[in-house]
Amino acid sequence: CPHCGKRKVGLADHIRDAHGQTATVPQTALHPVPLSCPECGEPMRLKSSQYGLFYGCTSWPECRGSHGAHPDGTPLGVPATHRTKKLRMAAHNAFDPLWNGDETVFDSRSAAYHWMQQAMGLNVEDAHIAKFDGPTCVRLVEAIWASFGD
């Protein structure tokens, strides 16, 4: 939020409810990044929805490519095709319980990410599922099963 600095989903609603304003994020506070749609190659534009900011393909509705954005308009990770997004979700479903849940393997998120870096030979910058392509997501799931599977 440009008013209180909190990271919020549904930023427009937060600004209205918490700050009594009806305006959305001031354009000067946004830092959009030029992106190409991973589905069709057309440019993507920063847009707002009830859930917050996102990048949408300029060929919508023919192409439904989209990508999440931080409240300041910077992209969340690297845009991906629908198939890669599904593989990223599967990778998170396998990885996140290692550090967050009832039967964790690691005592912190940072410890789990450190294991990921070591197991996959990644540097700190590249060890983010939001940056993974499809084959890297599959490699992560395989590494998890090899190390922690029953």
Side-chain angles (χ1 to χ4, degrees), residues 1-101 104 106 108-117 119-145:
C1 172
H3 302 287
C4 63
K6 291 184 179 177
R7 294 184 64 183
K8 290 285 186 180
V9 174
L11 189 56
D13 292 337
H14 165 75
I15 291 171
R16 181 194 66 237
D17 297 343
H19 304 291
Q21 299 180 7
T22 56
T24 57
V25 181
Q27 291 297 316
T28 56
L30 297 178
H31 303 287
V33 174
L35 296 177
S36 295
C37 177
E39 297 287 349
C40 72
E42 291 296 318
M44 298 184 90
R45 287 215 177 89
L46 187 61
K47 299 180 179 193
S48 181
S49 77
Q50 65 182 7
Y51 304 107
L53 297 174
F54 72 100
Y55 285 87
C57 182
T58 56
S59 290
W60 187 89
E62 292 80 22
C63 177
R64 296 194 174 268
S66 66
H67 186 69
H70 290 285
D72 69 354
T74 56
L76 289 168
V78 176
T81 63
H82 182 72
R83 179 177 170 2
T84 300
K85 285 181 184 180
K86 289 209 174 268
L87 290 169
R88 286 177 181 173
M89 286 189 277
H92 267 294
N93 288 340
F95 180 73
D96 291 352
L98 297 178
W99 63 272
N100 184 20
T104 61
F106 299 102
S108 68
R109 182 175 187 258
S110 61
Y113 273 87
H114 180 73
W115 170 84
M116 177 200 293
Q117 291 168 31
M120 298 185 64
L122 299 171
N123 63 40
V124 174
E125 273 300 305
D126 294 331
H128 298 281
I129 296 171
K131 293 183 176 184
F132 288 3
D133 60 12
T136 307
C137 291
V138 172
R139 265 190 343 132
L140 174 59
V141 173
E142 289 171 346
I144 292 167
W145 277 99

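Bear in mind the structure is a predicted one, so any value in this text is a computation, not a measurement.
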Within the 4.5 Å heavy-atom criterion, are [X] and [Y] side-chain neighbours or not?
X      : Y      : value
Cys57  : Cys40  : yes
Tyr55  : Val33  : yes
Thr84  : Pro38  : no
His70  : Leu53  : no
Lys85  : Ser66  : yes
Leu140 : Ile144 : yes

If you count heavy atoms of other groups shown closer than 6.0 angstrom to [atom1] of [X], is the number above 12?
X      : atom1 : result
Trp60  : CH2   : no
His128 : NE2   : yes
Lys47  : NZ    : yes

Find the distance between [atom1] ([X]) and [atom2] ([Y]) and round it off to the nearest 0.5 Å.
X      : Y      : atom1 : atom2 : value
Glu62  : Glu39  : CD    : CD    : 14.0 Å
Cys137 : Met89  : SG    : CE    : 10.5 Å
Arg139 : Leu87  : CZ    : CG    : 13.5 Å
Arg109 : Met116 : CZ    : CE    : 9.0 Å
Leu46  : Thr74  : CG    : OG1   : 9.5 Å
Phe106 : Asn100 : CZ    : CG    : 13.5 Å

**Message:** Go through it in stages, so that I can follow the logic: the residues are Met120 and Asp126, the test is side-chain contact (heavy atoms from CB on, under 4.5 Å), and I'd like the CA-CA distance, side-chain angles, deciding distance and then a yes or no.
**Reply:** CA-CA 10 Å; Met120 298 185 64; Asp126 294 331; over 6 Å; no

Kindly give the heavy-atom pair with the smallest separation between [X] and [Y], and that separation in Å.
X      : Y      : value
Ala127 : Gln117 : CB-CG, 3.4 Å
Val78  : Arg88  : O-NH1, 2.7 Å
Leu35  : Pro75  : CD1-CG, 4.0 Å

**Asked** Can you check side-chain contact (heavy atoms from CB on, under 4.5 Å) on Glu125 and Lys131, steps first, answer last?
**Response** CA-CA 9 Å; Glu125 273 300 305; Lys131 293 183 176 184; 3.3 Å; yes

**Asked** Which word best sums up how the rings of Trp115 and Phe95 line up, parallel for under 30°, tilted for 30 to 60°, or perpendicular for over 60°?
**Response** parallel

